[in-house]
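Report on the structure given below.
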Amino acid sequence: MQIATLRWYPANQTGAAFGVGLQPFGVTFDGGSIWVTNSGSGTVTKLRASDGAVLGSFTVGGSPQGIAFDGANVWVADNSGNAVSKLRASDGQAMCTFNAALNRPTGVAFDGTNVWVANSGDNTVTVVSASNCALRNKYAVGASPSAIAFDGFNMWVANSGDNTITELGGISGNALGTFNVGSSPTAIAFDGTNVWVANGGTNTVTELRGNDGSLVGTFNVGNFPAGVAFDGANIWVTNSGASTVTQLRASDGSLVGSFAVGSTPQGLAFDGVCIWVANKSGATVSKL
């Protein structure tokens, strides 16, 4: 990994910002490039992770938000178009579009075989086959699900409308538990052991034990947290109301630092070395 990191990152670009489309929202990393959904321009921007150079811009719908990488392709949820698009990561070629059984899709996650999509419009999660874009199933969750994360076995869904998290069996789709968190949970991430939830209405992050959903701790962050990501040791949280990112130590939730980024930061992703942040009001992504 150290050798690969030296090869991928010959120049230090930390602290830089790079222009993308209008209202960038979600971010994912494909092993070499950063992909950003631009909810205001209906596109996805592909950036080279080493230097932020634009490698392409691809049309995906009216308001793309959630995004996930499946190992070969990038999946994008079009919130206004009620669709999920599959783009080949190598060149952005559209492979297929799924537009059934979706209602205001937001968050997207990949389980190794299928793509799971949180539908904020009808309180469900839709499961789509990653191989052929076919419908696999649909499951009820809480009110207004906004984000989803996979823990290696099960799916965790943040329900922003009722301040809960739903855990779904990764194979069965059965509800394994519903857990209370803070107000308006907007983002969720798994750290290998526990689940972290950004609570937009209470300016906190909740940590839940991954094996049973019990509360581990609640930690203060900045104003209106909107995104959360894990870097292998730390939890990073975008504070959309403060234009900052908070770094917490994953082992105990203690504050490591707070860093200024662009205006109204939303989603973020870790590329193995740096954190990339989508600045919704600034039409940029910051690299920390």
Is the closest side-chain heavy-atom distance between [X] and [Y] below 4.5 Å?
X      : Y      : result
Trp35  : Leu87  : yes
Val245 : Ser258 : no
Asn119 : Val125 : no
Leu288 : Trp236 : yes
Asn203 : Asn220 : no
Val76  : Asp78  : no
Leu47  : Trp276 : yes
Leu22  : Asn38  : no

Shortest non-hydrogen separation from [X] to [Y] and the atoms involved:
X      : Y      : value
Pro185 : Gly182 : CD-O, 3.5 Å
Phe29  : Ala269 : N-CB, 4.5 Å
Thr97  : Ser85  : OG1-OG, 3.6 Å

Among residues at least two apart in sequence or on other chains, which ones pass side chain to side chain donor-acceptor pair (under 3.5 Å) with [X]?
X      : answer
Arg249 : Asp252, Ser254
Ser160 : none
Lys138 : Asp122

Mark yes or no for whether [X], through its side chain, and [Y], through its backbone, hold a donor-acceptor pair below 3.5 Å.
X      : Y      : result
Lys46  : Ser90  : yes
Asp231 : Ala233 : yes
Thr106 : Pro145 : yes
Thr186 : Pro225 : yes
Ser240 : Phe224 : yes
Asn279 : Pro265 : no
Lys86  : Phe98  : no

Between [atom1] on residue [X] and [atom2] on residue [Y], distance to nearest 0.5 Å:
X      : Y      : atom1 : atom2 : value
Met95  : Ser131 : CE    : OG    : 11.5 Å
Thr45  : Leu55  : OG1   : CG    : 10.5 Å
Phe150 : Ile188 : CZ    : CD1   : 13.0 Å
Leu208 : Thr218 : CG    : OG1   : 8.5 Å

Apply side-chain contact (heavy atoms from CB on, under 4.5 Å) to the pair Val197 and Val228, showing each step before the final yes or no.
CA-CA 7 Å; Val197 182; Val228 61; over 6 Å; no
Going by side-chain contact (heavy atoms from CB on, under 4.5 Å), name the residues that satisfy it together with Ala109, two or more places apart in sequence or in a different chain.
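side-chain contact (heavy atoms from CB on, under 4.5 Å) list for Ala109, sorted by chain: Ile148, Met155.
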Restricting to side-chain contact (heavy atoms from CB on, under 4.5 Å), what partner residues turn up for Ala143, sequence neighbours left out?
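Ala143 satisfies side-chain contact (heavy atoms from CB on, under 4.5 Å) with Asn123, Asp162 once adjacent residues are dropped.
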Under the side chain to side chain donor-acceptor pair (under 3.5 Å) criterion, do Asn103 and Thr124 qualify, and how do the steps go?
CA-CA 8 Å; Asn103 193 323; Thr124 64; over 6 Å; no
Candidate pair Thr206 and Asn199, rule side chain to side chain donor-acceptor pair (under 3.5 Å), full reasoning
CA-CA 7 Å; Thr206 299; Asn199 305 304; 2.8 Å; yes
Among Phe219, Trp156, Phe230, the one residue meeting ring-ring contact (aromatic ring centres under 6.0 Å, His included) with Trp196
Phe219
Any donor-acceptor N or O pair under 3.5 Å, side chains Arg209, Ser214:
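Arg209 vs Ser214: donor-acceptor pair found between side chains.
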Can you list, pair by pair, the side-chain donor-acceptor contacts under 3.5 Å of residues 60-70, counting residues two or more places apart and other chains?
unit_1	atom_1	unit_2	atom_2	d
Asp70	OD1	Ala72	N	2.8
Asp70	OD1	Asn73	N	2.5
Asp70	OD2	Asn73	ND2	3.4
Asp70	OD2	Trp75	NE1	2.9

